[in-house]
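One structure below.
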Amino acid sequence: MTTPSPEFITLHGQRSSLVLELVPGEAPLWRHWGARLPDGIDPGAALRDTRALPTFALDQDLPLTVAPVFGTGWFGQSALLAHREGRDFAQGWTGCTVEWTAPGRALTLHLSDAVARLRLDLSIALDADSDVLVLCSTLHNDGDTALDLQWLAAGTLPLPGRCDAVRSFAGQHVHEFLPQTDPLTRSLWRRESRRGRTSHDCFPGAVVTTPGATAQTGRVFGAHLAWSGNHQQTIEWLHDGQYQWQFGEWLAPGEGRLAPGASLTTPELVASCSDEGLDGLAANFHAELRRRLDWPGGAMRPRPVHLNTWEGVYFDVHPGPVKEMATAAAALGIERFVLDDGWFHGRHHDRAALGDWWPDAHKFPDGLSGLIAHVNALGMEFGLWVEPEMVSPDSELFRAHPDWALQIAGRPLLTARNQLVLDIARPEASDYLFEKIAALLAAHPIRYLKWDLNRDLAPAGLGDGRAGYRAQVLAAYALMARLRTAFPEVEIESCSGGGGRIDFGVLRHAHRVWTSDCIDALSRVEMQHGFLQFFPPEIMGAHVGTAPAHTTGRTQAMAFRAAVALAGHFGVELDPRQLSTEDADELRGWIALHKRLRDRLHHGRVWRGEAGDGLHWQFHADADTADGVLIVLRTRPSDHRQPPALRLPMLDVAARYRVRELRPAGSPRREGRHHTAPFFDAQDSAEGVTLAGAWLAEVGLPMLRAPAETAFIARIERV
Ligand code: GLA
């Protein structure tokens with residue numbers, strides 16, 4: 001007997017749709033997440049009417065739902081694992097009501113389990129413009145005893161069985177976004193982090209590809225957990241040939257204990273799919289993040305070029321020399337001067353002082369006012385480094401409040417970088433931090449905080465002996481929000497030993513991230529490529545560092561260092577007093593070029609490619625490619641005597657384009673007898689060369705024969 005008239009829920013984006021099947025007394029079944037379906041199309045029949053029961057199986061067919069649960073016939077990974085002192089170990093949804101929160105766009109499914117006395121509110125929203133799907137789950141304990149929640153997925157997504165690989169990121173300090181591709185098979189695929197922060201080694205996101213998908217073509221799916229703490233994602237093959245993808249916070253034992261009447265809300269799961277390959281997916285994530293960023297004044301202003309003092313002088317910050325640095329920075333065209341670590345009470349090295357957030361009286365006997373006034377008088381904004389969630393054992397704060405450090409009674413206090421983690425979920429600790437930072441912000445025109453977090457959480461015990469990972473993340477967000485409410489003009493950079501806290505969660509409060517402590521331009525090429533899969537360039541901290549680079553010892557020319565940083569939130573991290581006149585002139589030219597291009601680079605879309613033969617390229621343009629900037633980076637010498645042309649597949653094949661090479665004044669092309677490109681010398685006439693879009697897309701743009709570690713930058717405009 002077939003189901004009389006099955007009911008479906010459909011959400012449409014521009015290029016994607018999702019379809020759920022409502023079944024009375026159950027959780028809705030996943031029917032589709034993928035390509036945009038024409039309006040009015042539905043599956044035509046109830047899922048169970050379209051498929052046979054497998055042999056040797058339960059006599060009920062249990063397909064993938066939006067929230068599969070354990071113990072009542074679903075044998076796959078469960079979106080929920082919980083019990084009450086060993087009972088109610090199995091769950092089963094007995095009711096579901098649908099609440100449309102934005103008709104056609106967003107809804108909340110209210111699922112209930114009358115037996116285990118639980119309710120799950122699952123919100124699902126598909127943004128019609130960006131094709132980004134946001135899911136979030138809240139579990140309520142309606143019972144009269146405590147519920148121990150071990151796992152609650154923020155969301156469960158279906159993936160078609162033709163998906164064949166998953167790309168995620170591994171890495172470490174000074175090498176974030178290390179790409180890793182695994183085949184999808186019948187084995188479970190899982191990545192998780194228990195470090196208490198987003199982490200350098202396990203970014204909470206991944207991209208699933210279908211066969212043949214490329215950077216610009218083919219169907220791909222992506223998901224990211226908007227959360228700065230522990231996380232877990234799992235992709236599991238299912239017996240009907242598709243996969244399920246679950247993503248959520250990894251809860252430490254006890255963190256999910258819910259008293260009667262209590263509830264737990266997961267972080268948001270941000271997901272999307274695209275038929276335009278990895279770059280199409282990236283565009284969707286960029287659009288979503290741009291929608292979320294909470295800019296002072298309501299809109300992003302051109303990203304000010306930074307000078308960050310860290311690698312220039314490290315802890316050796318004294319007002320005289322730092323003022324000289326500021327003067328030299330202003331002469332380069334720097335717009336924001338950021339005083340990094342080393343300015344506060346007793347901070348002369350990394351073995352002391354975290355927690356004592358007032359200016360060091362020996363270094364700054366008159367406080368920070370003189371320095372800040374000097375910086376402002378030079379026309380630059382002032383920014384300051386802080387690491388609020390940390391405390392040094394050798395600090396006045398720790399001596400006064402040793403109990404404020406996260407710790408487990410009877411176990412060693414493990415330090416990392418000689419520091420401990422403050423239990424900022426304690427109101428008195430977060431009040432202390434708020435007061436100390438607010439005092440600085442109230443006393444001075446500080447417009448920017450570089451907010452660092454330089455270690456993993458362990459031991460992460462709260463005062464009452466329970467695990468504090470989740471509490472710590474929520475308290476950090478609350479402290480940032482409190483400071484931003486009190487000082488709405490202040491921007492925040494999220495730093496965590498470089499890129500250990502880069503996620504859509506912290507970016508509700510922050511406006512820039514420090515991508516990596518590795519500023520070596522060659523290393524940055526791959527890291528930034530990975531970064532741009534989920535995050536737009538305008539929040540990507542990208543600096544010109546010294547040569548040789550401090551973290552790798554490698555030396556690159558100024559032009560290559562600047563070209564690699566050009567598309568990001570551009571900055572300089574060196575002592576500008578030490579620059580030769582030639583280097584200073586060249587850097588000034590690059591800063592001017594960045595300022596000229598940043599509006600183009602920081603809006604619109606990004607296409608990325610590896611053309612082989614050591615060529616990496618990025619194209620930043622408006623969505624219809626009428627006006628773009630091409631950055632081509634040669635990371636190693638060509639294997640060809642005559643390098644092949646570079647195809648630009650995103651260009652409009654019906655249009656013609658003017659291509660003009662861009663070089664800052666004072667930054668000559670590194671070309672010798674063997675590195676000529678007479679073709680582009682036409683640009684000296686400012687006219688550039690005009691080529692057919694079809695030619696550039698199919699055959700390609702002629703490439704210079706250039707040495708390793710050089711860049712070619714061009715403006716490409718439709719004529
Ligand atoms: C971390 C950051 C650096 C710098 C230092 C200061 O390592 O990533 O950029 O701020 O801390 O101690």
Side-chain angles (χ1 to χ4, degrees), residues 171-177 195 197-201 203 228 306-317 322 325 336-357 359-360 363 382-395 415-422 437 446 448-457 476 491-503 506 510-520 523-524 527-528 531 539-546 549-552 565 568-575:
Q172 65 204 42
H173 178 233
V174 301
H175 196 154
E176 294 80 345
F177 294 100
R195 294 181 179 276
R197 56 174 161 165
T198 321
S199 87
H200 296 89
D201 57 324
F203 173 74
S228 310
H306 278 198
L307 184 298
N308 190 63
T309 58
W310 179 239
E311 287 203 357
V313 288
Y314 291 105
F315 293 103
D316 206 7
V317 290
V322 173
M325 280 176 89
R336 182 187 273 157
F337 187 85
V338 182
L339 180 61
D340 207 287
D341 203 348
W343 61 269
F344 49 98
H345 177 66
R347 185 70 165 176
H348 310 303
H349 43 65
D350 68 7
R351 299 185 299 283
L354 292 168
D356 298 347
W357 299 113
D360 183 74
K363 289 178 180 169
F382 186 81
L384 192 64
W385 181 93
V386 288
E387 195 180 359
E389 296 143 86
M390 296 292 154
V391 63
S392 305
D394 182 2
S395 66
T415 52
R417 206 192 187 208
N418 310 300
Q419 61 199 53
L420 299 168
V421 186
L422 266 188
I437 299 170
I446 297 171
Y448 185 80
L449 290 176
K450 179 178 175 186
W451 187 303
D452 217 330
L453 170 83
N454 276 321
R455 61 161 292 179
D456 296 322
L457 269 56
E491 289 184 18
I492 295 179
E493 171 174 33
S494 172
C495 175
S496 180
R501 184 154 65 181
I502 301 178
D503 59 77
V506 76
H511 309 88
R512 182 196 212 244
V513 295
W514 183 222
T515 316
S516 177
D517 274 350
C518 178
I519 317 181
D520 175 312
S523 306
R524 277 292 186 117
M527 286 191 252
Q528 295 182 175
F531 177 95
I539 65 149
M540 178 176 77
H543 293 178
V544 173
T546 53
H550 290 194
T551 53
T552 63
H569 183 169
F570 193 87
V572 173
E573 185 147 345
L574 42 71
D575 183 347

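Every heavy atom of this structure was used, including side-chain atoms; hydrogens, water molecules and symmetry mates were not. First listed ligand is number 1; within each ligand, the first listed atom is number 1.
- The residues Arg351 and Asp394 are annotated as not salt-bridged, no charged nitrogen and carboxylate oxygen being separated by less than 4.0 angstrom.
- Distance check, rounded to the nearest 0.5 Å: NE2 of His543 to OG of Ser516 gives 11.5 Å.
- Taking both residues in full, the closest heavy atoms of Val338 and Lys450 are given as CG1-CB, 4.4 Å, listed atom of the first, atom of the second, then distance.
- Judged by distance alone, the side chain of Asp340 and the main-chain N or O of Thr309 form no donor-acceptor pair under 3.5 Å.
- At least one donor-acceptor pair under 3.5 Å links the side chain of Asp452 to the backbone N or O of Gly497.
- Protein residues having at least one heavy atom under 4.0 Å from any atom of ligand 1 are Trp310, Asp340, Asp341, Trp385, Arg417, Lys450, Asp452, Asn454, Cys495, Gly497, Gly498, Trp514, Asp517, listed by chain and number.
- Between Leu339 and Val322, some side-chain heavy-atom pair lies under the 4.5 Å cut-off.
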